Amino acid sequence: MTSTTGHGGKREGAGRPKGSRMRRSDALAEKIVAAGLCPVDALIRLAERAENEGDLGQAIGAWKSILPYIYPRPKSVEFAADEVVELARDLAMARVEVLRTDTNFDHVALLERFLKDDIAAP
């Protein structure tokens with residue numbers, strides 16, 4: 001939002017470009033690599049030492065800081081709303097079928113029959 005004076009607020013092209021790194025960060029990374037150091041290895045040593053000493057809080061903190069280097073962050077799951085509605089409808093139909101049958105029904109046979117009917121339908 002910009003004011004009537006034209007000052008403040010978001011402006012097109014303002015700020016640092018996305019994904020750009022600071023020169024100071026690049027210089028520090030080069031220095032660490034040139035010295036043969038690896039921060040992840042150091043964190044692993046610290047986590048293991050903390051565990052051995054019984055300092056679980058320190059160990060958890062160190063292990064948590066290593067996780068992004070080992071495992072990617074889970075991505076959000078996208079789904080189509082119409083598929084969810086269809087699944088809910090299918091489950092409701094299956095429930096109705098179960099209620100219509102004897103209480104001593106075979107779950108596997110009922111599911112196979114339901115899936116067979118669903119696949120055969122146009």
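Predicted model, so just to flag it, every value in this text is computed and none were measured.
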Enquirer: Is there a path of hydrophobic side-chain contacts, each under 4.5 Å between heavy atoms of I, L, V, M, F, W or Y residues, that connects Tyr71 with Tyr69?
Expert: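 Yes, Tyr71 and Tyr69 fall within the same hydrophobic cluster.
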Enquirer: How many angstroms lie between OG in Ser65 and CD1 in Ile60, if you round to the nearest 0.5 Å?
Expert: 12.0 Å
Enquirer: Looking only at non-hydrogen atoms, find the nearest pair between Ala62 and Ala47 and report the distance.
Expert: CB-CB, 3.6 Å
Enquirer: To the closest 0.5 Å, what do you measure between CG (Leu91) and CD (Glu86)?
Expert: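 Nearest 0.5 Å value for the CG-CD distance: 11.0 Å.
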Enquirer: Hey, does Ile66 have a side-chain heavy atom less than 4.5 Å from the side chain of Trp63?
Expert: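 A side-chain contact exists here, since the closest heavy-atom pair is under 4.5 Å.
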Enquirer: To the nearest 0.5 angstrom, please state how far the SG atom of Cys38 sits from the CG atom of Leu43.
Expert: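 Spacing of SG (Cys38) from CG (Leu43) equals 8.5 Å.
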Enquirer: Take atom CD in Gln58; do more than 12 heavy atoms of anything else shown fall under 6.0 Å from it?
Expert: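 Check fails, neighbour count at 12 or below.
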Enquirer: Distance from Lys31 atom NZ to Leu37 atom CG, nearest 0.5 Å?
Expert: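 That separation rounds to 10.0 Å.
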